[in-house]
Amino acid sequence: MQAAQSQRAGGRGELDMEDINDLVRARMEKLQLWRARGVDPFGIRYEVTHRAAEVVDGFDKLEGSIVSIAGRVMAKRGHGRAAFLDIRDLSGKIQLYASVDELGEELYQLLLELDIGDIVGVKGKVFRTRRGEVSINLSSFTLLSKSLRPLPEKWHGLQDVELRYRQRYLDLVVNPEVRELFVKRSLIVRYIREFLDARGFLEVETPMMHPIPGGAAARPFVTHHNTLDIDLYLRIAPELYLKRLLVGGLERVYEINRCFRNEGISTRHNPEFTTVEVYQAYADYTDMMSLTENMVAFVAESVLGTPVISYGGKEVDLTPPWRRVTMVDAVKEWTGIDFNELESDAQAREICSRQGIELKGNESKWKCLNELYEAHADYRIVQPTFVTHHPVEVSPLAKKSAADPDFADRFEIFICGQELGNAFSELNDPIDQKERFVSQVAERAAGDEEAHLMDEDYVRALEYGMPPAGGLGIGVDRLTMLLTDSPSIRDVLLFPQMRPRTD
RNA sequence: GAGCCAUUAGCUCAGGCGGUAGAGCACCGGACUUUUAAUCCGGGUGUCCUGGGUUCGAGUCCCAGAUGGCUCACCA
């Protein structure tokens, strides 16, 4: 059986035997057929004059002229001495008309051997069929790549979510809306750059491998550098490096790149994800608010043509200004509890427990506030909202609010129940920063694996003097979810992290 | 990590009360020179996720496991 199969594969069939079925075998046999006719079934470059959509859209000018395009065969309709094929390239789909009259007996017979999925280069005259479809009347064609596996069904496409994620290339081939989504994602990133570049921000690249993982509360991935013989951590945030650049005088910087967090996977979390972080010297968190709302609205309008979007059936207006509410007020609004009036930590913990929040038992009043806030924010907030003034305790890199030192000049962005970003006035007091690190280290010692580590070099940088600044981080994947109405982060990642298949 | 659900042909899916597996597309053979989910005639191509168990008999019932989805927990 195995011998027979590999013979059919022309002695070169190194495909996994487990995977070979009759459909694949039939296509392997066709490989030989093409070779027998002197055609290399895996061809070389092909001179393309047009893309499919250019021919369709530009029919009035192109009618009667000869064009050559290349793409994948998506459908085949034989009619005896003539046949229709649909081929698709990046721009879209176009119909091919093939007839014995035009191609000649030999070429026409060869054309009938094409399978759906094959990649071909074609040449012919542009015309319109009786039914009105812009088509190319083939005068010649070239097989550019033989497809050995059958494509998923044309009508339903590839529905199996697992296969769509694991074999994204197939998803892209048969589900056009998926390709459109990733084009949108690319545009989103492009317009973020355009917006920031236009305002004098410099795009930079800082290390992805950190000796001390910092800038966020999260567990990192560990790796090892052999020559240096040190452990390195995939970055959980670029923040501390970008702020070193502020010290260095790069007053407006941003970075769009990957972060890595060794935590759970869910519809909102992938182990690697993309953020844009922005730092602006001589600004503060209020400047970051207007930067945020203007940037997100600009991106939405540029990509979708409107600042009013629909997510999960809810209509959301991204037009600035967005609502601003302090965390204390938000919690008061949702629960009726005014944390400013609470006397003791114990009282706050009691309230949290009554609200069904599990606590360790040593939480402070402000930590309780934060817990209560996090428990409600994701389902309460639909329209774009800046929730401001988080407790300093949970904001170890943010500046204390002048009005009330228990709180930080900070905000989080919520839209459609999803946390989209985080920003604050950057803490530039090295003495205060060092104290914050010290208490984070204490929390870590007490068992909080996500508490920050001491970063002496970062403190030293601050000691040279960092201008006051506003900093902002936005989840690009989350923003893409929002702007493409995607319920899962996996839908906006080309290759979401999956458990490797063992079979 | 916990709960619920799913897994049947290459793809999309049906399979009542346990009786040896079915459709559409794709594919193979035939007809057809402007079709377009082409049409017409003929052909079912299978580790029913895996491993145990119950039973005369398991796609179906029970147990364990794998993978995925959703919800929760953690986070952005």
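Letters A, B, ... mirror the listed sequences (proteins, then strands); counts begin at 1. What's counted below: heavy atoms across the whole structure, side chains too, no hydrogens, waters or symmetry copies.
The same atom, P, is picked in B/U8 and in B/G3; the two are 24 Å apart, to the nearest Å. B/C40 and B/G53 have their P atoms separated by 49 Å, with the value rounded to a whole Å. Comparing B/A14 with B/U45, their P atoms are spaced 22 Å from each other, to the whole Å. Remark: the separation of the P atoms in B/A38 and B/G24 is 15 Å, to the nearest Å. Of the C1' atoms belonging to B/G51 and B/U67, the separation is 15 Å, rounded to the nearest Å. Look at the C1' atom in both B/G43 and B/C4: the space between them is 43 Å, to the nearest Å. If you take atom C1' in B/U55 and the same atom in B/C63, they sit 16 Å apart, rounded to whole Å. For the C1' atom pair drawn from B/A2 and B/C74, the interatomic distance equals 13 Å after rounding to whole Å.
Closest approach to the A/P150 side chain among B/U34, B/G10, B/A76 is made by B/G10 (side chain taken as heavy atoms from C-beta onward). Minimum atom distance to the side chain of A/L23 is reached by B/A26, of the listed B/U67, B/U12, B/A26. The side chain of A/R166 lies closest to B/U67, out of B/U67, B/U12, B/A76. Closest contact between the side chain of A/D160 and the listed nucleotides B/U12, B/C28, B/G69 involves B/U12. Of the candidate nucleotides B/U35, B/U33, B/C11, B/U35 has the atom lying nearest to any side-chain atom of A/S135. Ranking B/U45, B/U36, B/A76 by closeness to the A/D22 side chain, first place goes to B/U45. Counting only heavy atoms from C-beta on, A/R81 has its side chain closest to B/U33 among B/G68, B/C11, B/U33. Relative to the side chain of A/P152, the nucleotides B/U35, B/U34, B/C11 differ in distance, and B/C11 lies closest.
A/K30 comes within contact range of the sugar-phosphate backbone alone, with a heavy-atom separation under 4.0 Å but no base atom that close. Residue contacts for A/Y165: at a heavy-atom cut-off of 4.0 Å it reaches the sugar-phosphate backbone alone, with no base atom in range. Within 4.0 Å (heavy atoms only), A/E133 reaches at least one base atom of the nucleic acid. Residue A/R219 is classed as having no contact, given no heavy-atom separation below 4.0 Å to the nucleic acid. At the heavy-atom level, A/N422 lies nowhere under 4.0 Å from the strands shown. Nucleic acid contact class of A/N270 (heavy atoms, under 4.0 Å, all strands): base. Within 4.0 Å of A/I474, counting heavy atoms only, lies no atom of the nucleic acid at all. Looking at heavy-atom distances under 4.0 Å, A/G473 makes no contact with the nucleic acid at all. Counting any heavy atom pair closer than 4.0 Å across all strands shown, A/Q418 reaches no nucleic acid atom. Residue A/R490 is classed as a sugar-phosphate contact, given heavy-atom separations below 4.0 Å to backbone atoms only. Note on A/Q95: a base of the nucleic acid sits closer than 4.0 angstrom, heavy atoms only. Nucleic acid contact class of A/L158 (heavy atoms, under 4.0 Å, all strands): sugar-phosphate only.
What separates CZ of A/R130 from P of B/U36 is a distance of 12 Å, to the nearest Å. Rounded to an integer number of Å, the gap from CG of A/L112 to P of B/C27 is 12 Å. If you measure from atom CZ of A/R499 to atom C1' of B/G1, you get 11 Å, rounded to the nearest angstrom. Nucleotide B/A26 holds its C1' atom 15 Å from the CZ atom of A/R72, rounded to whole Å. In this structure, CG of A/D491 is placed 14 Å from C1' of B/G68, rounded to the nearest angstrom. Rounded to whole Å, atom P of B/C40 lies 13 Å from atom NE2 of A/H79. Taking atom NE2 on A/H376 and atom P on B/A73, their separation rounds to 12 Å, with Å as the unit. Distance CZ (A/R164) to P (B/U7): 18 Å, rounded to an integer number of Å.
The phosphate of B/U36 has OP1 or OP2 within less than 4.0 Å of a side-chain N or O from A/R131. Between A/K154 and B/A38, a side-chain N or O to OP1/OP2 separation shorter than 4.0 Å is present. An OP1 or OP2 oxygen of B/U39 is reached within less than 4.0 angstrom by no side-chain nitrogen or oxygen of A/R77. A close approach under 4.0 Å does not occur between any side-chain nitrogen or oxygen of A/S266 and OP1 or OP2 of B/A73.
Ring-plane geometry between A/F437 and A/Y458 is classed as perpendicular, the angle between the planes exceeding 60 degrees on a 0 to 90 degree scale with a lower cut at 30. Using a 30° and 60° split on the angle between ring planes, A/W34 and A/F141 fall in the perpendicular class, above 60°.
Taking 90° from 0 as the syn/anti boundary, the base of B/G68 is oriented anti.
When both pairing distances are held under 3.5 Å, B/A26 makes a Watson-Crick or G-U pair with B/U45. Across all strands shown, nothing is found opposite B/C74 as a Watson-Crick or G-U wobble partner with both distances under 3.5 Å. Both distances falling under 3.5 Å, in either a Watson-Crick or a G-U wobble arrangement, occur for no nucleotide opposite B/U55. Base pairing annotation: B/A31 forms a Watson-Crick or G-U wobble pair with B/U39, both donor-acceptor distances under 3.5 Å. Using the Watson-Crick or G-U wobble rule with both distances under 3.5 Å, B/U7 pairs with B/A66.
The existence of a salt bridge linking A/R81 and A/E105 is confirmed by a sub-4.0 Å separation between a basic side-chain nitrogen and an acidic carboxylate oxygen. Here A/D171 does not pair with A/R179 in a salt bridge; the nearest charged N to carboxylate O distance is not below 4.0 Å. Under a 4.0 Å N-O distance rule, the pair A/K184/A/E180 does not qualify as a salt bridge.
When the nearest nucleotides of RNA chain B are assigned to A/T129 and A/Q497 by heavy-atom distance, the more 5′-ward of the two goes with A/T129. Judged by closest nucleotide on RNA chain B, A/S99 is the one of A/S99 and A/R268 placed further toward the 5' end.
At a cut-off of 3.5 Å, with distance as the only test, no side-chain donor of A/Y373 or A/E371 sits close to an acceptor on the other residue.
Aromatic stacking is not marked for A/W155 over B/G24, as the cut-offs of 5.5 Å for the centres and 30° for the planes do not both hold.
Evaluation of atom-type donor-acceptor distances gives a pair under 3.5 Å for the side chain of A/Y97 against the base of B/U33. Judged by distance alone, with hydrogens and angles left aside, A/D101 brings a side-chain donor or acceptor within reach of the base of B/U33, the pair sitting under 3.5 Å.
At distances below 3.5 Å, at least one donor-acceptor pair connects side-chain atoms of A/S99 with backbone N or O atoms of A/E102.
For the side chain to side chain contact (heavy atoms under 4.5 Å, CB included) criterion with A/F182, the lone passing option out of A/L494, A/T480, A/T484 is A/L494.
Ring centroids of A/F407 and A/H390 are separated by 6.0 Å or more, keeping the two rings apart.
Note that A/R261 lies outside the cation-pi zone of A/F273, set by a 6.0 Å cut-off to the ring centre and a 45° limit from the axis.
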